[in-house]
Amino acid sequence: MQDTTVEPRLYLPSEDEKEWKRIESRLQRPLPDPSSLDDLLTEFHSETTKQTCQFFRSVKKEGKFDWDAFWNQGLPFMLQIALEMPTLFADTKVPLLKDEVKSVSLTRRQCACLLAHSFFGSINSSARRMDNKKWSFRASQLFFLEAEPSALCFLNYFKRLAVEGIPSGSISIERVSFKRGSAPWMWEDNQSPLCPMSILSEGAIERSPAEFHADFANKFIGGGCLENDFAMEEILFIIKPELIISMAITSHMIDEDSIRISGALQYSKYTGYSHTFEFDGDFADQTKGATPATVFAMDALQGCSKIQFQEGLIRRDLNKARVAMGGARSVATGNWGCGAFGNDHLLKFLQQWMAASDAGAEQVYYHTYGDKRTEGFDQIATGLQSKKVGELWEILLKAAGPCAQPGPGNSLKFRKLIE
């Protein structure tokens, strides 16, 4: 039975006088060399994960990361802003996004404070006294696991805040949803026209001029971004660390909801993907002053690749994309759920186009990342552009029907029927 005295919020360590004094004493100690920072992280985890940190002793001090700026400015800033927690949150309770609480807004300084505590390990699963079975707000794991590219992106965020100052603005995190079994839109006879579609083989979603950027999410938002994973969502969250705050205040997404994050900035450049992912220095934003894109997290079906053409499953992801894209005027997306989740590229392309069109988007930028399985999508889009959403729904269902049962060649069969 759930304890009704427990509030659905983060319980910060600064609220416990005894615990805060212990944290303060640790964070106020001199850190004269890299090994002392390793020791500090080890000490903070001595009563929880009992891990030993060797990252700062062993990491190579070469490449594009500015270690001098980090030691001289970045690390002192991390310590300082962590110690500001009692002041920064004196009048702020950070709610969990559940039940009637649908959104939360935090200043960038508050976000940096929480992220600093996530690094040191001075905030842990005890901060979330409900729905804490998968507490993944642990940036310290990047350093215990020696996930160097992501670790450098994370440290670079603090180095840049220290050197350049904290940008103005705030971060807003919102859970959007619809009632199970009663989606407030219809696909049959839907008269919305398909919006213009641009198919791009080059360029990344996070650099798109679109107002909404897709996050191909795990149902636990952020996925393995604070571990040793370097897929699309993980890279996005580590180059824009303010997104990581969502991992502290949300539980897993259900079929009927999506999480949207507004205001997060990119601080680091990168190259590669997966095993080739590397930190590539500071990201210089050429659009300073522009409103940062809203990131919408949507988790595609996982483990259903053999039966993904069944109508109920098609509707599930179509509705998921629709709730995620609500209110967008322009959308940047791509091969959603087509990697480790094993979903069909063309099916996901059509679902997202329909969802964006019904949501009222005026433009979709579809990034293929050069995937050969998307070759010919531009011709397919040209052939369908004059259709209504409802007409495409009929075409999609007719093509999916013969592919609904598990069997070899379903994706090829589906494509031939669409073409």
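All values below were derived from every heavy atom in this structure, side-chain atoms included, with hydrogens, water molecules and symmetry-related copies excluded.
Sorted by first and then second residue, the side chain to side chain donor-acceptor pair (under 3.5 Å) pairs involving residues 346-356 (not counting sequence neighbours) are Asp317-Lys348, Thr333-Gln352, Lys348-Gln351.
Here the shortest heavy-atom pairing between Val104 and Leu97 reads N-CD2, 4.1 Å. Closest non-hydrogen pair, Ala264 versus Pro292, comes out as O-CB, 3.6 Å. Between Ala162 and Gln73, the closest heavy-atom pair is CB-O, 3.4 Å.
Other residues, nucleotides and ligands contribute at most 12 non-hydrogen atoms within 6.0 Å of the NZ atom of Lys306. Open room surrounds CZ on Arg329; 12 or fewer heavy atoms of other groups in view lie less than 6.0 Å from it.
Between Phe120 and Phe44, the ring planes are tilted. Angles from 30° to 60° get that label. Ring pair Phe154/Tyr157 is tilted by interplanar angle, where 30° to 60° counts as tilted. By the 30° and 60° cut-offs, the orientation of the rings of Phe296 relative to Phe212 is tilted. Ring geometry, Tyr369 versus His367: the interplanar angle falls from 30° to 60°, so the pair is classed tilted. Using cut-offs of 30° and 60° for the angle between ring planes, the Phe77 and Phe158 rings count as tilted.
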Next item on the list: Verify side-chain hydrogen bond (donor to acceptor under 3.5 Å, both in side chains) between Glu419 and Gln379, making sure each step is shown before the conclusion.
Entry: CA-CA 9 Å; Glu419 291 176 332; Gln379 290 93 338; over 6 Å; no

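No side-chain donor-acceptor contact under 3.5 Å links Glu311 to the backbone of Leu313.
Between Phe144 and His45, a ring centre-to-centre spacing shorter than 6.0 Å is recorded. Under the 6.0 Å cut-off for aromatic ring centres, Phe349 and Tyr366 qualify, their centroids lying closer than that. Note: His117 and Trp20 meet the aromatic proximity criterion, with ring centroids under 6.0 Å apart. Here Phe279 and Tyr270 keep their ring centres 6.0 angstrom or further from each other. You'll find the ring centres of Phe178 and Trp185 inside the 6.0 Å limit.
By the 4.0 Å N-to-carboxylate-O rule, Lys320 lies too far from Asp255 to be salt-bridged with it. Salt bridge Glu206/Lys240: absent, no basic N to carboxylate O contact under 4.0 Å.
If you check the side chains of Asp344 and Ser411, you find a donor sitting under 3.5 Å from an acceptor. Asn156 and Asp282 are linked by a side-chain donor-acceptor pair at a separation below 3.5 angstrom, with hydrogens and angles left out of the test.
The closest side-chain heavy-atom distance from Asp215 to Phe237 is below 4.5 Å. Two residues are said to be in side-chain contact when any heavy atoms from C-beta on lie closer than 4.5 Å; Arg175 and Arg260 fail this criterion.
Scanning for ring-ring contact (aromatic ring centres under 6.0 Å, His included) contacts around Phe55 gives Phe143, with sequence neighbours left out. Every residue two or more places apart in sequence or in another chain that forms a ring-ring contact (aromatic ring centres under 6.0 Å, His included) with Phe220 is listed here: His252.
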